[in-house]
S.K.: 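Here it is: the structure, laid out below.
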Amino acid sequence: MSTTRYYQQLDDGRVECGVCPHHCIIAEGKTGLCGSRRNRQGELVSEVYGRPCALAIDPIEKKPLYHFHPGTTCLSLACTGCNFRCLNCQNHDISQAKPEEVPSYELQPEALIELCLKHHCPGIAYTYTEPLTYIEYIIDTARLAHEAGLWNILVSAGYVCQEPLADLLPYLDAANIDLKSFSDDIYQRVSGGHLEPVLQTILAMRDAGVWIELTNLVIPGVNDDRKMIGRMCQWLMDNGLSEAPLHFSRFFPRYKMSQLEPTPVATLKEAKRVAQEAGIRHVYLGNV
């Protein structure tokens, strides 16, 4: 457990979290939406700092990152919690769980660096759940990683406020941002958030020189509209991201969307065609 950096104390003993655009107002003893940041006697603490619930050595292409040091591996880690409530979440057993519900390791930042070096991984990936909900743990680890000559990779939905993001960006080398759709309404209905903060995250990473790749999970009848995909690709073009690899990923029935059918491969191929016609240089299909 560790005191967090991004919150404001309120007069009545509650605190306002400043990590993401939800700005959760948290009463004594309660957590915010992510489930891992708790008000303890007027201080906001992270109950997952130094407590990853998942560790693995992955090929970097699994993130997916296809144009950032391909052929290498990374030490992947996750802590419980997420600030979205995606109906299709494939990792809901850890992203929607409370810290006490999932077994975890005790690994402070220094120990993570040692583990990465021991297994000859050139980088660390913060992934699987929503890493930005434990951003202090990432920043502290990422700083040490750079000192040790290691890369830092973020796999995220990008729902974060600009102040904490600015503190992370100097230590971030690459990111895959899950751009869930190009509709605020769909963001609200399917994930419980908004589109604009995600776009601002992408632009901040672009401006900081972070290598960006994007993933769009195409869900039948939800975000597979050809015109909407076209608007998304045009936004990328208009904002200097034509070289950012775009991964259209195939949906399979999961969690609270188990009633839907898998995405037809033809739908993905059409999305790829739309992106290429818009001028996106590198388009890939995933989960096919």
Side-chain angles (χ1 to χ4, degrees), residues 1 4 6 17 19-24 26 30-38 44-56 58 62-64 74-105 107 112 124-138 141 153-161 164-165 168 175-181 186-195 197-198 201 214-217 219 222-223 247 249-258 260 286-287:
M1 186 181 301
T4 64
Y6 308 103
C17 182
V19 164
C20 86
H22 290 306
H23 288 286
C24 293
I26 308 171
K30 302 297 184 181
T31 66
L33 181 71
C34 67
S36 64
R37 301 172 77 85
R38 188 180 299 274
L44 190 62
V45 300
S46 170
E47 297 193 322
V48 299
Y49 186 105
R51 290 181 55 194
C53 64
L55 287 168
D58 290 328
K62 187 178 177 181
K63 298 303 98 188
C74 53
L75 178 67
S76 296
L77 71 98
C79 300
T80 57
C82 186
N83 53 1
F84 273 171
R85 290 291 180 265
C86 297
L87 302 179
N88 57 292
C89 183
Q90 64 177 358
N91 289 326
H92 59 88
D93 55 333
I94 54 176
S95 72
Q96 305 301 314
K98 299 175 182 178
E100 64 270 19
E101 295 174 339
V102 181
S104 62
Y105 306 88
L107 283 170
L112 270 175
I124 302 176
Y126 313 92
T127 180
Y128 301 142
T129 56
E130 178 45 71
L132 293 171
T133 61
Y134 51 91
I135 191 169
E136 294 89 355
Y137 184 33
I138 296 178
T141 303
I153 299 162
L154 185 75
V155 182
S156 169
Y159 205 62
V160 66
C161 292
L165 177 63
L168 172 61
N176 186 294
I177 300 299
D178 187 4
L179 186 53
K180 297 179 182 295
S181 75
I186 293 173
Y187 258 89
Q188 292 182 62
R189 288 190 291 110
V190 176
S191 301
H194 293 278
L195 169 62
V198 180
T201 293
L214 302 156
T215 296
N216 178 230
L217 179 71
I219 306 174
V222 176
N223 66 342
H247 304 259
S249 189
R250 191 183 189 197
F251 164 86
F252 286 94
R254 291 288 188 275
Y255 196 33
K256 297 180 180 180
M257 284 189 166
S258 59
L260 298 183
N287 288 346

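All of these numbers come straight from a predicted model, not from anything done at the bench.
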S.K.: Show the nearest heavy-atom pair for residues Tyr128 and Ala56, with the distance to one decimal.
M.R.: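 So the minimum-distance heavy-atom pair works out to OH-CB, 3.5 Å.
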
S.K.: Counting only heavy atoms not in Gln90, do more than 12 sit closer than 6.0 Å to its CD atom?
M.R.: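 Result for CD/Gln90: open.
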
S.K.: Name all residues meeting the side-chain hydrogen bond (donor to acceptor under 3.5 Å, both in side chains) criterion together with Tyr134; count only those two or more places apart in sequence or in a different chain, and write none if there are none.
M.R.: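 None.
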
S.K.: Using a 3.5 Å distance criterion without hydrogens, assess whether the side chain of Asn91 forms a donor-acceptor pair with backbone atoms of Thr129.
M.R.: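 Absent.
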
S.K.: Taking atom types as modelled, is there a side-chain donor on Thr133 or Asn83 under 3.5 Å from an acceptor on the other?
M.R.: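 Side-chain D/A pair, Thr133 to Asn83: absent.
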
S.K.: For the side chain to side chain contact (heavy atoms under 4.5 Å, CB included) test, which of Ser36, Cys79, Cys82, Cys34 pairs with Glu130?
M.R.: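 Answer after filtering Ser36, Cys79, Cys82, Cys34: Cys82.
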
S.K.: Is the shortest side-chain heavy-atom distance between His247 and Asn176 below 4.5 Å?
M.R.: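 Touching, per the 4.5 Å side-chain cut-off.
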
S.K.: Counting only N and O atoms by type, is there a donor-acceptor contact under 3.5 Å from the side chain of Gln96 to the main-chain atoms of Phe84?
M.R.: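 Judged by distance alone, yes, a pair lies under 3.5 Å.
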
S.K.: Would you say Ile153 and Thr127 make side-chain contact, with heavy atoms under 4.5 Å?
M.R.: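 Heavy-atom side-chain distance check fails, nothing below 4.5 Å.
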
S.K.: Atom CG of Leu55 and atom CG of Leu112: how far apart are they, to the nearest 0.5 Å?
M.R.: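 It comes to 7.0 Å.
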
S.K.: Can you find a heavy atom in the side chain of Leu154 that is under 4.5 Å from one in the side chain of Pro131?
M.R.: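 Heavy-atom side-chain distance check passes, below 4.5 Å.
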
S.K.: Could you walk me through whether Cys20 and Leu132 pass the side-chain contact (heavy atoms from CB on, under 4.5 Å) test, one step at a time?
M.R.: CA-CA 8 Å; Cys20 86; Leu132 293 171; over 6 Å; no

S.K.: Can you name the residues that form a ring pair (Phe, Tyr, Trp, His ring centres under 6.0 Å) with Tyr187, not counting sequence neighbours?
M.R.: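 Listed in chain order: nothing, the list is empty.
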
S.K.: Should Thr31 and Lys98 be marked as a side-chain contact (heavy atoms from CB on, under 4.5 Å) after you check the CA-CA gap, both sets of side-chain angles, and the distance that decides it?
M.R.: CA-CA 10 Å; Thr31 66; Lys98 299 175 182 178; over 6 Å; no

S.K.: When you compare the side chain of Tyr126 with that of Leu77, does any pair of heavy atoms fall below 4.5 Å?
M.R.: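 Leu77 vs Tyr126: side chains touch.
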
S.K.: Report the C-alpha separation of Arg85 and Leu33 in whole Å, then their side-chain angles, then the decisive distance to 0.1 Å, and conclude whether the side-chain contact (heavy atoms from CB on, under 4.5 Å) test is met.
M.R.: CA-CA 9 Å; Arg85 290 291 180 265; Leu33 181 71; 3.8 Å; yes

S.K.: With heavy-atom distances below 4.5 Å as the criterion, would you say the side chains of Thr201 and Tyr159 are in contact?
M.R.: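 The answer is no; the side chains never approach within 4.5 Å.
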
S.K.: Can you list the steps and then say if Tyr137 with Arg51 is a side-chain contact (heavy atoms from CB on, under 4.5 Å)?
M.R.: CA-CA 9 Å; Tyr137 184 33; Arg51 290 181 55 194; over 6 Å; no

S.K.: Quick one: are Arg37 and Thr4 in side-chain contact, heavy atoms under 4.5 Å?
M.R.: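 A side-chain contact under 4.5 Å exists here.
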
S.K.: Relative to each other, are the rings of His92 and Tyr255 parallel, tilted or perpendicular (30° and 60° limits)?
M.R.: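 Ring orientation, 0 to 90° scale: parallel.
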
S.K.: Indicate yes or no: at least one non-hydrogen side-chain atom of Cys74 is less than 4.5 angstrom from one of Lys63.
M.R.: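 Touching, per the 4.5 Å side-chain cut-off.
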
S.K.: I'd like to check Val155 versus Asp178 (side-chain heavy atoms, cut-off strictly below 4.5 Å). Are they in contact?
M.R.: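 In short, these two side chains do not touch, never coming nearer than 4.5 Å.
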
